[in-house]
Amino acid sequence: MILTNYNQIFIQDCIQGMQQYLDNGEVSVIVTSPPYNLGINYGKYDDTISRNQYLDWIEQVMQECRRVLSENGSLFLNLGYSSRDLWVAWEVAFRLRKMFVLQNVIHWIKSIAIPRSDVGNYPNILGDIAVGHFKPVNSDRYLNRCHEYIFHFTKKGSVDLNKLSVGVPYQDKTNVTRWKKGKGDVRDRGDTWFIPYETIWSSEEQRPHPSSFPPALPAMCIKLHGIERTSLVLDPFMGIGNTAIACLRLGIAYLGFEIDETYAAVARQRISQEMEASKEKKTQHDC
Ligand SMILES: C[S@@+](CC[C@H](N)C(=O)[O-])C[C@H]1O[C@@H](n2cnc3c(N)ncnc32)[C@H](O)[C@@H]1O
């Protein structure tokens, strides 16, 4: 370890930061969402560079990520797409094929609609369901985009996961005792994860970042990898600090890089608030 202290966000380019602060294999889990090359209006980063430039750059970042990731580590790479550019996430994934094994592809479901009539006989579903949020697409050609990808890369494709840590209760409770391997009322959730945003910013309030993920997303990735096997989580594109917030909630050390000081300031403020809130909770609990 080159650093004396983890739990920091550096306002710095992530490649330089990883080279400066992180030893080979020092990181257990990387959870991150790089810019998507879709022309998103970030404060500092130019998201309009050519596709080839972008892919070359992502490859360099990921080479450095590979170096700092432990042999049994997990890299969870969240990527989106646009209606006119559906390939971009897969183009990135394909570039990484020479350095990682793609062990799982998780679909982050932001919104889903389930008409009661499609469901069949599920006693818990009493009516039509429509949950979550998405930005409506105003076009006759394209569907609303209600999901993004989380590519789970590992070095050898052989990392055992703690699937039940993000498991869900059985619908049919007779399954709780039926399966020998069963561990109570919890089953593998599979590769579709419904994760709604925690807060929808009100119309008076400016959204502090144009493309953040909710803290539940990194939290689930870290739990899936296994909390007990995770000593350090890295987010090279920390944005407004959602990976750091997830780590605080799970009691795990984090490090992050972010080139935009405005986003980093929001991240630091949110981290202080989170720490205050958890201190208050602890005091109430101790009283
Ligand atoms: C998709 S956003 C990540 C958002 C983050 N997951 C969150 O929930 O707030 C990508 C971020 O990468 C930052 N960024 C772009 N180039 C960077 C670089 N070379 N080093 C570090 N951060 C960079 C951008 O400023 C942007 O905040």
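Counting starts at 1 for both ligands and their atoms, following the listed order.
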[atom] - nearest protein heavy atom and its distance:
atom	answer
atom 2 (S) of ligand 1	H209 CE1, 3.4 Å
atom 24 (C) of ligand 1	E258 OE2, 3.4 Å
atom 19 (N) of ligand 1	D13 OD1, 2.7 Å
atom 22 (N) of ligand 1	I259 N, 3.4 Å
atom 21 (C) of ligand 1	P236 O, 3.4 Å
atom 20 (N) of ligand 1	C14 N, 2.9 Å
atom 9 (O) of ligand 1	I240 N, 2.9 Å

Atoms in ligand 1 with a heavy atom of [X] nearer than 4.0 Å:
X	result
S211	1 (C), 2 (S), 4 (C)
Q12	20 (N), 21 (C)
N242	7 (C), 8 (O), 9 (O)

Discussion item. Could you tell me if the side chain of L77 sits less than 4.5 Å from the side chain of V92, heavy atoms only?
Written reply: yes
Worksheet item: So do L22 and L232 actually touch side chain to side chain, heavy atoms under 4.5 Å?
Response: yes
Fill in: Ionic contact status for D188 with K163, cut-off 4.0 Å
yes
Discussion item. Judged on heavy-atom distance to atom 12 (O) of ligand 1, which of F213, Y263, Y45, F237 sits nearest?
Written reply: F237
Discussion item. Going by the closest heavy atom to atom 10 (C) of ligand 1, which one wins out of G239, A267, S33, G17?
Written reply: S33
Parallel under 30°, tilted from 30 to 60°, perpendicular over 60°: which one fits the rings of [X] and [Y]?
X	Y	value
F10	Y21	parallel
Y263	Y42	perpendicular
Y149	F151	parallel

Just let me know how [X] lines up against ligand 1, side chain, backbone, both or neither, with a heavy-atom cut-off below 4.0 Å.
X	value
P34	backbone
W57	side chain
M238	backbone

Worksheet item: Where do N162 and R229 land on the side-chain hydrogen bond (donor to acceptor under 3.5 Å, both in side chains) test, with the steps shown first?
Response: CA-CA 10 Å; N162 189 350; R229 293 194 291 134; over 6 Å; no
Discussion item. Is it the case that the ring center of H152 lies less than 6.0 angstrom away from the ring center of F100?
Written reply: no
Discussion item. Go through it in stages, so that I can follow the logic: the residues are Y36 and N78, the test is side-chain hydrogen bond (donor to acceptor under 3.5 Å, both in side chains), and I'd like the CA-CA distance, side-chain angles, deciding distance and then a yes or no.
Written reply: CA-CA 9 Å; Y36 297 169; N78 163 230; 3.2 Å; yes
Worksheet item: Side chains of S83 and R145: do they bring a donor and an acceptor to under 3.5 Å?
Response: yes
